[in-house]
Amino acid sequence: MMQWSMRISAYSERLLQGLKTLDWPQPLKDSQEYWIGKSQGAQVRFNVEGHDEIVEVFTTRPDTIFGATFMVLAPENPLVETITTAEQKAEVDSYIEETSKKTERDRMADVKNVSGAFTGSYALNPFSGEKMPIYISDYVLMGYGTGAVMAVPAHDERDHRFAKKFNLEIKKVVETDEDVQEASFDSKDSVCVNSDFLNGLNYNDAKALIISAIEKKGIGHGTTNYRQRDAIFSRQRYWGEPVPIYYKDGMPYTLPTSALPLELPEVEKYLPTEDGDPPLGNAKVFAWDEANQKVVDTNLIDEKTVFPLELSTMPGWAGSSWYFLRYMDPKNDEVFAKKELSDYWGQVDLYIGGSEHATGHLLYSRFWNMFLKDRGYINQDEPFQKLINQGMILGMSAFVTRYGVSYKAVSEDGLDFITVPVTFYVSKNRLNNFSDIQNIYLEKAKQNLLVHNGYNKDKKYSIEIIIETSNTQNIHVDISLLKGTSDELDTEAFKAWRPDYADAEFILEDGKYITGREVEKMSKSKYNVVNPDDIVAQFGADTFRMYEMFLGPIEMSKPWDTKGIEGVHRFLKKMWRLYFDEQRGWIVTDDTATEPELRALHKTIKKITEDIERFSFNTCVSQFMICVNELATLNCHKREILEKLAVLICPFAPHFAEELWHQFGHSSSVVAADFPRYEEKYVVENSKMYPVAVNGKTRVELEFPLDMEQASIEKEVLADPTIIKWLEGKAPKKVIYVKGKMINVVV
RNA sequence: GCCCUGGUGGCGAAACUGGUAGACGCGCAGGACUUAAAAUCCUGUUUGCAGCAAUGCAAGUGCGGGUUCAAGUCCCGCCUGGGGCACCA
């Protein structure tokens with residue numbers, strides 16, 4: 001099938017180099033770097049004995065060429081056809097047939113399963129002069145390098161496995177004590193042996209020397225390879241941007257700019273055509289009239305002036321790679337964004353997204369951006385200068401345990417056997433100890449026996465043994481069946497939940513059924529989904545927003561736990577009470593703020609300002625709590641403090657801040673207010689309570705002025721009774737004094 | 001297999017450049033206000049030992065070593081949860 005591809009591989013090196021300029025998480029950069037997969041080595045041509053054909057290989061280890069004892073081609077390599085000998089043809093053909101049936105997934109699945117076939121031909125090692133049998137095997141991929149490798153079994157794991165399987169020579173060319181007959185030794189930290197003029201050279205020197213030798217011989221050259229492939233751009237589905245291309249004599253032509261954008265045609269069904277064409281093949285009006293320059297009825301196609309349009313559509317990333325540029329100038333009919341505007345807005349300042357886009361969207365988007373820059377449409381090399389990965393909010397699944405035990409009832413005369421199953425839903429902590437609940441099961445087994453249809457009431461039975469205990473099932477239950485925010489199951493609700501559970505019987509602990517809890521992705525099938533709308537309805541959007549921030553660092557995944565939300569809600573109510581009294585209403589005064597009040601405020605301004613910069617929102621919320629606790633203790637209701645505090649909290653609780661701001665008499669929005677500035681003078685202290693340690697263990701706290709000389713501090717520290725006690729009469733070796741931090745006396 | 005990430009109280013977490021581990025919040029326990037409840041406020045809450053108590057001592061950040069006056073933080077070797085990639089020569 002003919003497919004459109006984006007030649008992203010032409011940008012591999014720039015995409016790799018560009019990573020150095022980005023403020024992105026290292027793991028994300030690593031995975032792009034790995035995906036691009038740059039490797040440096042050499043391309044080398046090998047002569048084939050008795051043929052004019054040559055086999056060209058790519059290798060990153062040309063320094064091990066003296067250890068290359070055989071050759072492996074990809075089964076799809078066109079050379080296979082010509083070099084396979086008559087005797088080997090049947091074997092090779094059947095191997096190709098076999099591998100072509102395997103899907104790529106199958107191929108990957110049995111990495112350990114070595115397979116291949118001998119072509120019957122030999123290549124000649126240009127340096128050792130040895131004959132190298134040529135094999136084919138599916139561990140060599142046609143799509144990478146040249147689709148052929150020189151196999152160095154002593155120093156490559158895959159080649160080693162292959163050599164073992166087909167009994168091929170393994171020749172050590174890198175110094176090591178390991179037995180290369182047993183396992184390959186793949187280190188790059190190596191020195192050449194058995195390699196003629198390379199002997200004694202390390203990896204880097206040997207590589208440089210052999211590449212120049214290869215070039216001198218005229219059989220190859222040093223080269224760089226990228227693992228990254230071109231990206232298939234065609235999609236055989238309806239929804240997507242149509243490709244503005246028409247075909248004339250089988251050749252593609254672009255539509256004129258005036259015909260753009262080419263819109264999706266109407267179709268009756270979004271399915272492929274009977275001939276197997278994509279859904280656009282069903283369109284009635286989707287042909288290009290070259291003479292009249294417009295899209296016309298498909299029936300009019302005559303291949304003279306009316307031609308068929310491309311039927312495949314573009315993939316999702318055709319749009320997702322550059323939509324943000326359009327945001328800069330959304331109403332422009334001429335271009336996607338006027339250059340002056342995209343220059344003005346520049347790059348996306350901050351991109352928050354998941355790391356799952358590492359090798360897809362985020363790479364395509366960079367590529368696309370570079371291309372647009374090369375064409376002169378925009379000015380930035382990179383679309384997203386700063387990027388952070390947010391963690392996922394996970395669900396807290398709940399489980400009940402259905403625990404089944406079978407008993408064997410034997411009649412007194414030993415003639416009748418009845419199997420009596422007993423099943424209970426067992427509360428979490430009673431499950432650990434079966435002997436504890438054994439009697440409950442046994443009692444139930446006796447009851448069940450009496451109603452068993454095999455039961456003969458004229459006989460006496462003894463219930464003996466458990467014949468099966470393995471019937472334990474953990475069943476997801478909907479978290480709405482829990483009581484409040486606890487782990488306790490509402491057993492009646494559970495019974496009503498599903499007909500299967502209507503007759504459920506429980507073994508409780510302290511009168512409660514406690515479910516097992518586990519952190520999993522939120523998913524309907526796991527019944528652990530918490531709907532934000534419900535939380536917002538109950539607590540308000542500000543509480544919800546702040547609680548999400550308070551949960552922990554933004555880049556970490558964490559379970560949603562509704563329990564803690566009360567704390568944030570209480571905090572907002574407490575802060576509100578600094579401004580409002582239930583009876584008296586607005587209680588903010590114009591009194592002058594005191595030193596402790598100003599210190600509380602400015603400590604907070606400092607922390608919030610710094611923590612916002614490093615995206616540490618959870619610690620911001622903590623600081624607000626500390627501040628409000630302090631102001632409440634100080635009984636502070638002063639405008640000088642509280643007005644700034646309201647602005648400060650605006651990014652965290654915007655509705656709340658807006659309301660307070662208006663109460664202060666402002667008519668404009670709080671978002672337009674100046675963000676409070678930290679002033680150091682309110683926070684500086686001139687003394688510090690120092691932890692004083694003896695040999696690293698803190699023993700006492702002593703207060704000293706910050707500008708006190710070390711010598712005087714030492715004198716006072718050594719005179720302190722607690723320190724004297726811990727010195728036990730020994731003379732201190734030295735005293736470590738870190739200004740503003742701590743003091744340590746070393747004995 | 002390879003790459004990345006995390007592991008700190010009963011729980012979510014804090015400790016930014018090595019410098020008082022557990023801030024802040026939840027939960028729990030006790031108390032105040034109230035006829036009662038809600039709301040609110042106060043006290044305690046890492047563990048162990050001693051003490052009526054204030055307090056004191058010891059241990060403690062997944063495990064084992066190391067560097068340092070000082071390690072949750074740095075180094076070496078492991079264990080373990082999560083995510084991604086996977087025959088790329």
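Below, read A as the first sequence line, B as the second, and so on, with proteins coming before strands; counting in each chain starts at 1.
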Look at all strands and tell whether [X] reaches a base, only sugar-phosphate, or nothing, counting heavy atoms closer than 4.0 Å.
| X | result |
| --- | --- |
| A:Pro553 | sugar-phosphate |
| A:Asn618 | sugar-phosphate |
| A:Ser557 | nothing |

Pairs under 3.5 Å (N/O, protein and nucleotides 19-22 of chain B):
residue : atom : partner  : partner atom : Å
B:U20   : O2   : A:Glu701 : OE2          : 2.9
B:U20   : N3   : A:Glu701 : OE2          : 3.0

(Q) Which helical stems does RNA chain B take part in, if a stem means at least 3 consecutive Watson-Crick or G-U pairs with both distances below 3.5 Å? (A)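 So the stems come out as B:1-7 with B:79-85, B:10-12 with B:24-26, B:27-32 with B:40-45, B:46-50 with B:55-59, B:62-66 with B:74-78.
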
Q) Has A:Arg227 got its NZ or CZ under 6.0 Å from the middle of the six-membered ring of A:Tyr34, at an angle within 45 degrees of the ring axis? A)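 The answer is yes; both the distance and angle limits are met.
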
Q) Residues from residues 607-615 of chain A sitting under 4.0 Å of RNA chain B, heavy atoms only? A)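 Close to the strand are A:Lys607, A:Arg614.
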
When the side chains of residues 615-626 of chain A are checked against the rest of the protein, which donor-acceptor pairs come out under 3.5 Å, sequence neighbours left out?
residue  : atom : partner  : partner atom : Å
A:Ser616 : OG   : A:Thr619 : OG1          : 2.5
A:Thr619 : OG1  : A:Asp611 : OD2          : 2.7
A:Thr619 : OG1  : A:Ser616 : O            : 3.0
A:Ser622 : OG   : A:Asn618 : O            : 3.4
A:Gln623 : NE2  : A:Thr604 : OG1          : 3.1

(Q) So, does A:Tyr34 get its side chain near the phosphate of B:C3, meaning an N or O under 4.0 Å from OP1 or OP2? (A)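 The answer is no; no side-chain N or O of A:Tyr34 sits under 4.0 Å from OP1 or OP2.
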
Q) Does the B:C88 base have a donor-acceptor partner in the side chain of A:Arg229 within less than 3.5 Å? A)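 Pair found.
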
Short N/O separations, protein against nucleotides 56-60 of chain B, under 3.5 angstrom:
residue : atom : partner  : partner atom : Å
B:A58   : OP2  : A:Arg699 : NH1          : 3.0

What are the atom names and distances for every N/O pair under 3.5 Å that joins the protein to nucleotides 24-31 of chain B?
residue : atom : partner  : partner atom : Å
B:G25   : OP1  : A:Asn629 : ND2          : 3.2
B:C26   : OP1  : A:Arg570 : NE           : 3.1
B:C26   : OP1  : A:Arg570 : NH2          : 2.8
B:G27   : OP2  : A:Arg570 : NH2          : 3.2

